[in-house]
Amino acid sequence: MKKAIVKTKVADRTILDERMRELGLEFGPVIWQHDRVYLPRGYRPNMNMPRMIMRTEMKSVDEPAKYYLTLKRHISDSGIDIVDQTRVSDYVEAVNMIHQLGFGSAIEVSRRRQAMEIGESAVMYLDEIEKVPGFYLKIETKIEDNDKVTEVMDDLKRTLRLFGQDEKSVVQDTYSDLV
């Protein structure tokens, strides 16, 4: 699946919360996620190389964790991300497969995430990353083959402004780059 993603560091959480109240919007409950990000041998940032991510997700301590395997690849010249995800029932076996494919050691990223759907194919996340100060606001939307990426990205940036965020604070780094 192709996605356009815009992420910004929240400068002032109070302003974000105010805008949310004004618009009558509310994030969903907090979900805890822990990602192990596996990079291919010889990985270099900004070279369109894939990353494999094993995610553990918990919505509540009295519910079992869910596991997901995600392939992410940022295509720099187009500004889109290729994102494919599937639920995994055997975490250990999935990690063994990642290693057999030649992906190296993992970068650990834990976060508290709240989500809110803001359109047919768009989701907004409020993330608090462990070991990284502050909050991040992230908007993801699916890209269809006939969509113009620049128009979609401009729309996402306008949406950021609607929530009181400055597009100058857009963050290009992945969360695994920030930790």
Side-chain angles (χ1 to χ4, degrees), residues 1 3-20 25-40 43 45-46 49-74 80-89 91-92 94-95 98 103-119 121-142 153 156-157 159-160 162-167 169-179:
M1 165 186 327
K3 287 187 175 186
I5 301 171
V6 174
K7 172 176 53 206
T8 185
K9 183 162 185 173
V10 175
D12 187 336
R13 176 71 193 267
T14 308
I15 291 173
L16 175 61
D17 291 342
E18 259 179 47
R19 293 288 170 90
M20 297 287 291
L25 299 172
E26 189 175 321
F27 282 105
V30 174
I31 298 169
W32 179 82
Q33 294 178 334
H34 180 80
D35 290 350
R36 286 195 167 136
V37 182
Y38 295 88
L39 305 174
Y43 177 83
N46 303 317
M49 298 177 88
R51 293 170 287 131
M52 298 291 288
I53 302 162
M54 276 302 302
R55 174 170 292 164
T56 302
E57 182 175 282
M58 289 186 65
K59 293 184 178 185
S60 173
V61 293
D62 57 346
E63 292 179 28
K66 293 180 182 174
Y67 305 107
Y68 299 92
L69 174 63
T70 306
L71 178 130
K72 281 191 176 184
R73 185 171 166 223
H74 180 71
I80 65 168
D81 286 79
I82 306 297
V83 181
D84 292 297
Q85 183 177 68
T86 189
R87 186 147 179 215
V88 172
S89 61
Y91 186 98
V92 174
V95 169
I98 291 170
F103 285 77
S105 60
I107 300 165
E108 307 275 334
V109 180
S110 290
R111 75 177 139 262
R112 293 168 43 98
R113 168 171 276 183
Q114 292 178 274
M116 175 179 50
E117 291 184 20
I118 56 171
S121 61
V123 180
M124 188 164 68
Y125 301 104
L126 182 63
D127 292 326
E128 184 177 18
I129 311 301
E130 201 171 280
K131 300 178 187 171
V132 178
F135 290 86
Y136 289 83
L137 189 65
K138 180 177 180 181
I139 305 173
E140 295 182 357
T141 190
K142 294 177 188 170
M153 293 300 283
L156 293 178
K157 289 175 183 175
T159 304
L160 282 177
L162 179 68
F163 290 98
Q165 304 306 303
D166 185 352
E167 73 179 74
S169 62
V170 167
V171 176
Q172 299 298 327
D173 293 331
T174 65
Y175 290 147
S176 60
D177 294 334
L178 295 173
V179 292

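The side-chain heavy atoms of L71 and V83, taken from C-beta on, include no pair separated by under 4.5 Å. Side chains of F135 and D127 form no contact here, defined as non-hydrogen atoms less than 4.5 Å apart. Two residues are said to be in side-chain contact when any heavy atoms from C-beta on lie closer than 4.5 Å; I5 and K138 meet this criterion. In this structure the side chain of L16 reaches within 4.5 angstrom of the side chain of L137, judged on heavy atoms. Side-chain contact between Y91 and T56 is present, with at least one heavy-atom pair separated by less than 4.5 Å. I80 has its side chain within reach of I82: a pair of non-hydrogen atoms, C-beta onward, lies under 4.5 Å apart.
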| query | Checking salt bridge (charged side-chain N to carboxylate O under 4.0 Å, His left out) for the pair K72/D84: CA distance, chi angles, key distance, verdict? | reply | CA-CA 7 Å; K72 281 191 176 184; D84 292 297; over 6 Å; no

| task | For L39 and I107, run side-chain contact (heavy atoms from CB on, under 4.5 Å): C-alpha distance rounded to whole Å, both residues' side-chain angles, the deciding distance at 0.1 Å, then the answer. | result | CA-CA 8 Å; L39 305 174; I107 300 165; 3.8 Å; yes

| Between M54 and L69, is a side-chain contact (heavy atoms from CB on, under 4.5 Å) present by the stated rule, with each step listed? | CA-CA 5 Å; M54 276 302 302; L69 174 63; 3.8 Å; yes

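The cationic atom of R113 (NZ for Lys, CZ for Arg) lies less than 6.0 Å from the six-membered ring centre of Y125 and within 45° of the ring axis. With a 6.0 Å cutoff to the six-membered ring centre and a 45° limit on the axis angle, R19 does not count as a cation-pi contact of F163.
Partner of T70 under the side chain to side chain donor-acceptor pair (under 3.5 Å) criterion, chosen from R51, Q85, R55: Q85.
Using modelled atom types, one finds a donor on one side chain and an acceptor on the other under 3.5 Å when comparing D177 with T174.
Salt-bridge annotation for E140 and K3: present, with a side-chain N of the basic residue lying under 4.0 Å from a carboxylate O of the acidic one.
With sequence neighbours excluded, the residues that form a side-chain contact (heavy atoms from CB on, under 4.5 Å) with E108 are H34, R36, A106.
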